[in-house]
Trainee: 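Can you read through this structure? Questions will come right after.
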Amino acid sequence: MIEVTMPLDKLRGWAEKTPDNFALHTRNGDGWESVKWNEYQRNIESVAKALLFFGMQKGECVVIIGNNRVEWLYAQFGIMAAGGIATPSYQTNTAEQLAYLINHSKARFIFAENQSQYDKLVASRNELPALEKVILFDEVKDADPDWTISFSEFLKLGKGYEAEFQERLKSIKKDDTAFVIYTSGTTGVPKAVMSTHYHLSYVGETLMKRFEMKERSRSISYLPLSHIAEQIATNNLQLETGGEVYLCPDALLMKDYLPLVKPNVLLGVPRVWEKVESALKGIIEGSSGFKKKLLKWGLKTELAAFDEEQRTGMVVDSIARKLANKLVVSKIKSKLGMDKIMFAFIGAAPSNLDNLRFFASLGIQINEVYGMTETTGILATTSPSNRKFGTVGRPLEGVELKIAEDGEILARGPALTKGYMHMPEATNELWEGGWLHTGDVGEFDSDGNLKITDRKKDLIITAGAKNVAPQPIEAMIKRINGISQAVLVGDKRPYLIALVTVDSLALQAMNLTLGIRVTSSVELAASEEFRNYVSVQIEGVNSKVAKFEKIGRFKVLERDFAVETGELTPTMKMKRKVVNEMYAKEIEEVYAS
């Protein structure tokens, strides 16, 4: 086992070495409220001691639900420091989903953010017999004083528990479960994935080693902290570099935070990177003649230089590249707030080659990260010394990967979960044969880089017994200007159809391209011009795939998929089963036509 320093020790170390350095920042009007490392540590200890006051036992789960904020992090590390298991819930979970998580984890305590989250608990209170105390970050109306306590009052309760705290802290072992993340349930009942203190540190240290990060990280925490990807971006990076985290309570605000923070490390799920690209392309297409030509020339020149560097391994320092950077690339990056980025990452869902190349044309080289909750987020990555688009790079140090006979990727390594809490059968299935079964289908290229081709459970088997991997085809459809999302349907059907949604950021570009005037996505979806345009573009996709993979018909849906309406997970991964159920009527109508 590779030796690492535990997360709580790292946090305490920064509080001792750099007590007056800023660790956390929260937006407050036009300014920031900042927390230093010593204050961060004090609040964590106060949470731990207050939990001991309430009688929390070692190994107990304590739930957290809310947006990204300092109290969320105090709660997480406070639970861990008290020997408990931090158990986050997605803030978008319904009352029923939250109740399932609380009951399944056997939690007696929950940290809840606001009125919205408290109302969910009230709605399910009769089904939560074991829940003893709700610790509220914000003030709520009609709070039951016997059931709730404010976070500020809660922090005061641990005074006098220093000895008990130190004793509990010493009892924590590296193989103790520190964190439980519930899967999004896209393929069934949510499962509680257990991660140890060691797992969390191993991933952070090996990632830093691969990327040779020397400077203090400066990042924006905007994806849900209940997802392993944001845990890595927020906590692992910070604990390795002693860096700063700017907490963004809503992913939709991230674009506004970028120019204010100018992060040097940025993680985005594919949907985030695709949205930025779509918005930029809309601006470019809507520019005047000369400016449009200049912008396209600048991006094309930078991309050509990038391709040359990848091919030869030599730095391209041409006059044309310098001029393109001065006139175009640097200006775009500065306006976006991406001009200080040293390391950019993409993960949590399949990425698109064209999207990666678009950002390469901006001088931003995105590293792919492959992993899952069950592997503490990372199994393999590309890196500055091995960046091969279309692959997810090579395994992390200590990780073994192999391809099963049916194409599934199997894994072994230091940071893989012990299993699913309270689910022995699911755990045995996950670890069948001594290897963790990822559920992903892939292959290795001649250089040892891993390429993900699809999700095993996503494969479509047509009525003609042909196996179709939908994700590569869906990715091609999503590259069509004006399209936001695409879902292939065709299991046990004679041919494939596609459900597509309109990209609201492309309205201006579509008006120019099609010579129409629409003011909403609904109008665009209903327009004959747009449907004819999509038909032509899909024929272009059909020309690139096998006969049995061709799309026979398509349907343009009136609205885009969203987390709130259930088609996407909180990290914007598409729920294929949900989409098929929600749009069953539309699917049948397409086949009937």
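Residue indices begin at 1 and follow the sequence shown.
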Trainee: Find out whether Y420 and V193 are in side-chain contact, i.e. whether some heavy atom of one side chain is under 4.5 Å from a heavy atom of the other.
Mentor: yes
Trainee: Between N355 and E274, is the side chain to side chain donor-acceptor pair (under 3.5 Å) condition met? List the steps.
Mentor: CA-CA 6 Å; N355 183 241; E274 288 165 2; 5.8 Å; no
Trainee: State which residue, out of D440, T382, T375, fulfils the side chain to side chain donor-acceptor pair (under 3.5 Å) condition with Y370.
Mentor: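 Among D440, T382, T375, the one meeting side chain to side chain donor-acceptor pair (under 3.5 Å) with Y370 is D440.
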Trainee: Any donor-acceptor pair under 3.5 Å linking the side chain of K340 with the backbone of G337?
Mentor: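 No, K340 side chain to G337 backbone: no donor-acceptor pair under 3.5 Å.
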Trainee: Distance alone, cut at 3.5 Å: any donor-acceptor contact between the side chains of T234 and E230?
Mentor: yes
Trainee: Would you say T373 and S195 make side-chain contact, with heavy atoms under 4.5 Å?
Mentor: no
Trainee: Find out whether S334 and K262 are in side-chain contact, i.e. whether some heavy atom of one side chain is under 4.5 Å from a heavy atom of the other.
Mentor: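 Contact flag for S334/K262 side chains = yes.
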Trainee: What are the two closest non-hydrogen atoms of A344 and I364, and how far apart are they?
Mentor: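 Where A344 meets I364 most closely, the heavy atoms are CB-CG2, 3.9 Å.
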Trainee: How long is the straight-line distance from CE of M80 back to CD1 of I44, given to the nearest 0.5 Å?
Mentor: 9.0 Å
Trainee: To check you understand the geometry: which heavy-atom pair defines the closest contact between Y222 and L267, and what is its length?
Mentor: OH-O, 2.6 Å
Trainee: Run the side-chain contact (heavy atoms from CB on, under 4.5 Å) test on F358 and L280 for me, step by step, so that the C-alpha distance in whole Å, both residues' side-chain angles and the decisive distance to 0.1 Å come before the verdict.
Mentor: CA-CA 10 Å; F358 176 81; L280 278 175; 3.9 Å; yes
Trainee: Is it true that a side-chain atom of T376 and a backbone atom of H199 form a donor plus acceptor pair closer than 3.5 Å?
Mentor: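 No, because the side chain of T376 does not come within donor-acceptor range (under 3.5 Å) of the backbone of H199.
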Trainee: Would you say the side chain of R394 lies within less than 4.5 Å of the side chain of N449, judging by non-hydrogen atoms?
Mentor: yes
Trainee: I want to check something: taking the side chain as every heavy atom from C-beta on, are D339 and S330 in contact at a cut-off of under 4.5 Å?
Mentor: no
Trainee: Check the pair K10 / E205 against salt bridge (Lys or Arg N to Asp or Glu O under 4.0 Å), numbers first and verdict last.
Mentor: CA-CA 11 Å; K10 289 177 183 177; E205 290 191 19; 3.0 Å; yes
Trainee: Please tell me whether R218 and T241 have a donor and an acceptor in their side chains that are separated by less than 3.5 angstrom.
Mentor: no
Trainee: Taking the side chain as everything from C-beta on, heavy atoms only, tell me whether L11 gets closer than 4.5 Å to W37.
Mentor: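 Yes, at least one pair of side-chain atoms sits under 4.5 Å.
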Trainee: With side chains defined as the heavy atoms from C-beta onward, is the minimum distance between N235 and F77 less than 4.5 Å?
Mentor: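 With C-beta onward as the side chain, the pair touches.
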Trainee: For T92 and Q97, work out which heavy atoms get closest and say how close.
Mentor: O-OE1, 4.4 Å
Trainee: Donor-acceptor pair, distance only, cut-off 3.5 Å: does the side chain of D560 make one with the backbone of T501?
Mentor: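 Absent.
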Trainee: Nearest 0.5 Å, what's the CG-CD distance between L436 and E400?
Mentor: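 Going from the CG atom of L436 to the CD atom of E400 covers 12.5 Å.
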Trainee: Please step through side-chain contact (heavy atoms from CB on, under 4.5 Å) for the pair D447 and T391, ending with a clear verdict.
Mentor: CA-CA 10 Å; D447 297 320; T391 79; over 6 Å; no
Trainee: Which heavy-atom pair separates T417 from W431 by the least distance, and what is that distance?
Mentor: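 Smallest heavy-atom distance, with atoms named: O-NE1, 3.1 Å.
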Trainee: Around atom CD of E429, are there more than 12 heavy atoms from other residues, nucleotides or ligands closer than 6.0 Å?
Mentor: no
Trainee: Might you work through the side-chain contact (heavy atoms from CB on, under 4.5 Å) test for N580 and D491, ending with a clear yes or no?
Mentor: CA-CA 11 Å; N580 275 271; D491 205 46; over 6 Å; no
Trainee: Just checking, any donor-acceptor pair under 3.5 angstrom between side chains of Q91 and N67?
Mentor: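 Yes - a donor-acceptor pair under 3.5 Å links their side chains.
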Trainee: Nearest 0.5 Å please: distance from the OH atom of Y257 over to the OH atom of Y246.
Mentor: 11.5 Å
Trainee: With rounding to the nearest 0.5 angstrom, report the CG to OH distance, L73 to Y40.
Mentor: 4.0 Å
Trainee: Could E309 and R387 be called an ion pair, given the rule that one side-chain N must be under 4.0 Å from one carboxylate O?
Mentor: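 No, this pair does not count.
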Trainee: Are the side chain of N236 and the backbone of L200 linked by a donor-acceptor contact shorter than 3.5 Å?
Mentor: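 Confirmed, N236 side chain pairs with L200 backbone.
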Trainee: Are N93 and Y182 close enough that a side-chain donor and a side-chain acceptor fall under 3.5 Å?
Mentor: no
Trainee: side-chain contact (heavy atoms from CB on, under 4.5 Å) for L362 and M338? Distances and angles first, verdict last.
Mentor: CA-CA 10 Å; L362 283 173; M338 293 183 174; 5.8 Å; no
Trainee: Looking at CD1 of I65 and CG of L225, how far apart are the two atoms once the value is rounded to the nearest 0.5 Å?
Mentor: 12.5 Å
Trainee: Any donor-acceptor pair under 3.5 Å linking the side chain of H437 with the backbone of E408?
Mentor: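 No; judged by distance alone, with no hydrogens or angles, the pair does not exist.
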Trainee: Taking atom NZ as the centre, does K451 end up with more than 12 heavy-atom neighbours from other residues, nucleotides or ligands that are less than 6.0 angstrom away?
Mentor: no
Trainee: Taking atom types as modelled and ignoring hydrogens, do the side chains of E244 and H25 form a donor-acceptor contact shorter than 3.5 angstrom?
Mentor: yes
Trainee: Grab the two heavy atoms, one from K281 and one from R479, that are nearest each other, plus how far apart they are.
Mentor: NZ-NH2, 3.7 Å
Trainee: Got a salt bridge between R12 and D9, using NZ or NE/NH1/NH2 to carboxylate O under 4.0 Å?
Mentor: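 Yes, charged N to carboxylate O under 4.0 Å.
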Trainee: Would you say F561 and V578 make side-chain contact, with heavy atoms under 4.5 Å?
Mentor: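 SC-SC contact between F561 and V578 ruled out.
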Trainee: Over all heavy atoms of both residues, which pair between W14 and E240 is shortest? Give the atoms and the distance, please.
Mentor: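 Answer, listing the atom of W14 first, then E240: CZ2-O, 3.7 Å.
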Trainee: If we ignore hydrogens and angles and just use 3.5 Å, is the side chain of Q238 paired with the main-chain N or O of A23 as donor and acceptor?
Mentor: yes
Trainee: Could you check T196 against K418 for side chain to side chain donor-acceptor pair (under 3.5 Å), going step by step and ending with a plain yes or no?
Mentor: CA-CA 8 Å; T196 67; K418 297 182 291 184; over 6 Å; no
Trainee: Do you know which of E581, E567, E474 makes salt bridge (charged side-chain N to carboxylate O under 4.0 Å, His left out) with R576?
Mentor: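 Exactly one option meets the salt bridge (charged side-chain N to carboxylate O under 4.0 Å, His left out) with R576, and it is E474.
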Trainee: At what distance, to the nearest 0.5 angstrom, does CE of M423 lie from CE of M194?
Mentor: 11.0 Å
